[in-house]
Amino acid sequence: MTPELELRGITKEFPGVRACDGIDLTVKAGEIHCIVGENGAGKTTLMSILYGLLQPDAGHIVIGGRHTSIHSPLEAIDLGIGMVHQAFKLFPTLTVAENVVFRQEPSRRGVIDRRGASRRVRELADAYGLSVDPDAVVEELPVGVLQRVEILKALYRQASVLILDEPTAVLTPQERDRFFEVIRRLRDSGRTILFITHKLAEVMAVADSITVLRQGRSVAELDPAETTPEEISRHMTGRDVSPVRRGRTHTPGKVVLSVETLEVEGFHGLTAVDGVSLEVRAGEVVGIAAVAGNGQSELVEAIAGLRPVVAGTIHIGDQKVTHADVARRRRAGLSYIPEDRHRVGTVAAASISKNLMMGYQRSAQLRRGRWLSLAAVERHARQLCEHYSIKTHSVDAAAASLSGGNLQRIVVAREMSHDSPLLIAEQPTRGVDIGAIQFIHTQILDARDHGRGVLLISAELNEIQALSSRILVMFEGRIVAELDPDTVDEADIGLHMTGGAKVGA
Ligand SMILES: Nc1ncnc2c1ncn2[C@@H]1O[C@H](COP(=O)(O)OP(=O)(O)OP(=O)(O)O)[C@@H](O)[C@H]1O
Ligand SMILES: [Mg+2]
């Protein structure tokens with residue numbers, strides 16, 4: 001039986017910020033308890049304390065009526081608590097099964113029983129509808145599957161309380177529905193789920209109860225049956241937040257990106273992008289809608305210079321950059337908000353001001369004469385932190401100290417702050433709170449109005465629809481439809497995305 005869980009008066013300070021400020025939280029056994037709050041509200045910190053990764057400065061944890069201290073994740077696991085982090089922690093070159101059983105490998109006569117491990121992982125996966133191949137190598141799997149591996153890891157360690165920190169941020173709408181089935185099934189088997197998300201529709205769909213955090217305090221405990229997304233967001237932000245709309249249409253200007261019959265390889269040399277041609281003009285937002293794994297990531301990586309081109313051409317402005325390095329593409333006019341803020345977008349150990357400068361060392365606004373001006377870099381960083389509400393006590397702090405959403409703002413701020421003609425925005429609002437979504441959307445539309453051309457890739461169909469001047473749908477490496485956001489609805493787009501409608505149909 002899963003015991004009730006209580007956090008009492010949890011306080012945690014970091015240099016210059018009180019991340020948790022006397023938080024009380026009661027979680028009933030066998031419920032899905034959603035924790036919501038703006039970026040930097042203290043959600044991850046609170047959960048890290050429960051998982052033994054951080055020690056609170058004050059307050060305590062009560063499990064099943066007993067005061068408990070949790071000094072490490074190993075102790076948390078012993079108490080039946082499992083956590084799936086915002087950033088996954090898996091060994092890329094090992095198989096799914098090897099990752100799941102790591103350090104708790106089944107053995108036969110003192111030897112690790114690989115077949116047994118694989119079989120047990122498969123049984124566990126089947127029991128909860130988490131479809132994965134135990135023998136697949138982790139680095140070759142899409143994020144949606146990696147997450148199932150993380151959940152399996154916790155279940156294998158007999159977690160009765162499962163902490164999921166923004167699990168849906170990286171999922172496609174289809175994967176998300178399956179994920180909900182999984183967590184409902186886990187709840188129905190008696191487990192307690194702590195679920196952090198920024199998406200209030202998800203909260204309304206799965207929560208049994210809701211806690212709202214704001215600036216390190218618990219400001220509301222809500223019953224989903226008696227609240228609305230508007231009320232939740234008012235508790236989160238203290239104001240009303242309304243979605244941004246695309247507004248008037250513009251006459252597009254000159255071509256800022258031109259891709260012709262592009263071919264790009266993905267994993268195992270398979271063709272990921274299969275003869276794609278597209279244009280982005282100044283003053284328009286071209287949205288690409290696609291189910292994950294249909295070549296959109298490879299397309300963007302090829303345009304950004306992170307993946308080689310097999311055939312076809314890429315022009316940024318009037319410069320041919322098909323095989324050029326990243327620096328030349330930037331000089332030709334490219335700014336790029338990558339999907340993966342940890343691996344590609346930022347350097348964790350470097351300071352916030354360095355992260356805000358990276359890739360733009362040659363920019364005139366950061367130089368004095370021939371040299372990079374540290375004063376200018378710092379001033380630039382301060383301005384961006386202010387403008388983008390990046391919560392930090394110092395621009396010299398390491399990027400690693402930022403909350404997930406604040407790190408995303410760093411990437412967005414850096415790439416939006418240079419007036420390059422072409423902006424590629426890949427999942428630009430992943431992990432940011434609703435206030436920041438509204439802000440970033442406004443920035444993208446402003447960029448468009450100032451004559452920049454934007455290529456937007458997003459798994460959020462409402463984001464694609466709200467911002468795009470026109471929508472291209474990718475399916476199996478090709479562009480299968482061009483849609484007018486004014487006349488299609490999400491269901492139409494979804495149909496094209498799954499190959500359900502032919503071109504022009
Ligand atoms: N290791 C750390 N060192 C310094 N400050 C930290 C550290 N971890 C978190 N913080 C700060 O504590 C505050 C709360 O961060 P936390 O990661 O808990 O926020 P969050 O609610 O999870 O936000 P998000 O929605 O962006 O993930 C933030 O201001 C953050 O910068
Ligand atoms: Mg967080």
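Just follow the structure's listing: the first ligand is 1, and inside any ligand the first atom is 1. These figures come from a predicted structure and were not determined experimentally. Computation of the quantities below employed the complete heavy-atom set of this structure, encompassing side-chain atoms and omitting hydrogens, waters and symmetry-equivalent molecules.
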What is the nearest protein non-hydrogen atom to [atom], stated with its residue, atom name and distance?
| atom | value |
| --- | --- |
| atom 1 (N) of ligand 1 | Phe14 CE2, 3.8 Å |
| atom 22 (O) of ligand 1 | Thr44 OG1, 2.8 Å |
| atom 27 (O) of ligand 1 | Gln86 NE2, 3.1 Å |
| atom 25 (O) of ligand 1 | Lys43 NZ, 2.7 Å |
| atom 17 (O) of ligand 1 | Ser403 CB, 3.3 Å |

Quick one: which ligand 1 atoms are inside 4.0 Å of a heavy atom on [X]?
| X | value |
| --- | --- |
| Val17 | 29 (O) |
| Ala19 | 12 (O), 13 (C), 14 (C) |
| His198 | 25 (O) |

Between [X] and [Y] (salt bridge meaning N to carboxylate O under 4.0 Å), is one present in this structure?
| X | Y | value |
| --- | --- | --- |
| Arg214 | Glu38 | no |
| Arg185 | Asp188 | no |
| Glu415 | Arg330 | yes |
| Glu31 | Arg187 | no |
| Asp433 | Arg409 | yes |
| Glu4 | Lys28 | no |
| Arg382 | Glu386 | no |
| Glu181 | Arg184 | no |
| Glu460 | Lys199 | yes |

Test your reading of the structure: does [X] have an N or O sitting under 3.5 Å from an N or O of ligand 1?
| X | value |
| --- | --- |
| Gly405 | yes |
| Leu402 | no |
| Ala41 | yes |

Query raised in the report: Would one find more than 12 heavy atoms of other residues, nucleotides or ligands at under 6.0 Å from atom CD of Gln158?
Result: no
query: Can a non-hydrogen atom of Gly42 be found less than 4.0 Å from any atom of ligand 1?
result: yes
ask   = Out of curiosity, is Glu166 lining ligand 1, as in a heavy atom under 4.0 Å away?
value = yes
Closest to atom 10 (N) of ligand 1 (heavy atoms only, candidates Gly16, Gly404, Ser401, Gly40) is Ser401
Logged contact type for Thr45 with ligand 1, heavy-atom cut-off 4.0 Å, is both
| said: So that I can check it, does any N, O or S atom in Asn39 come closer than 2.8 Å to the Mg ion (ligand 2)? | reply: no
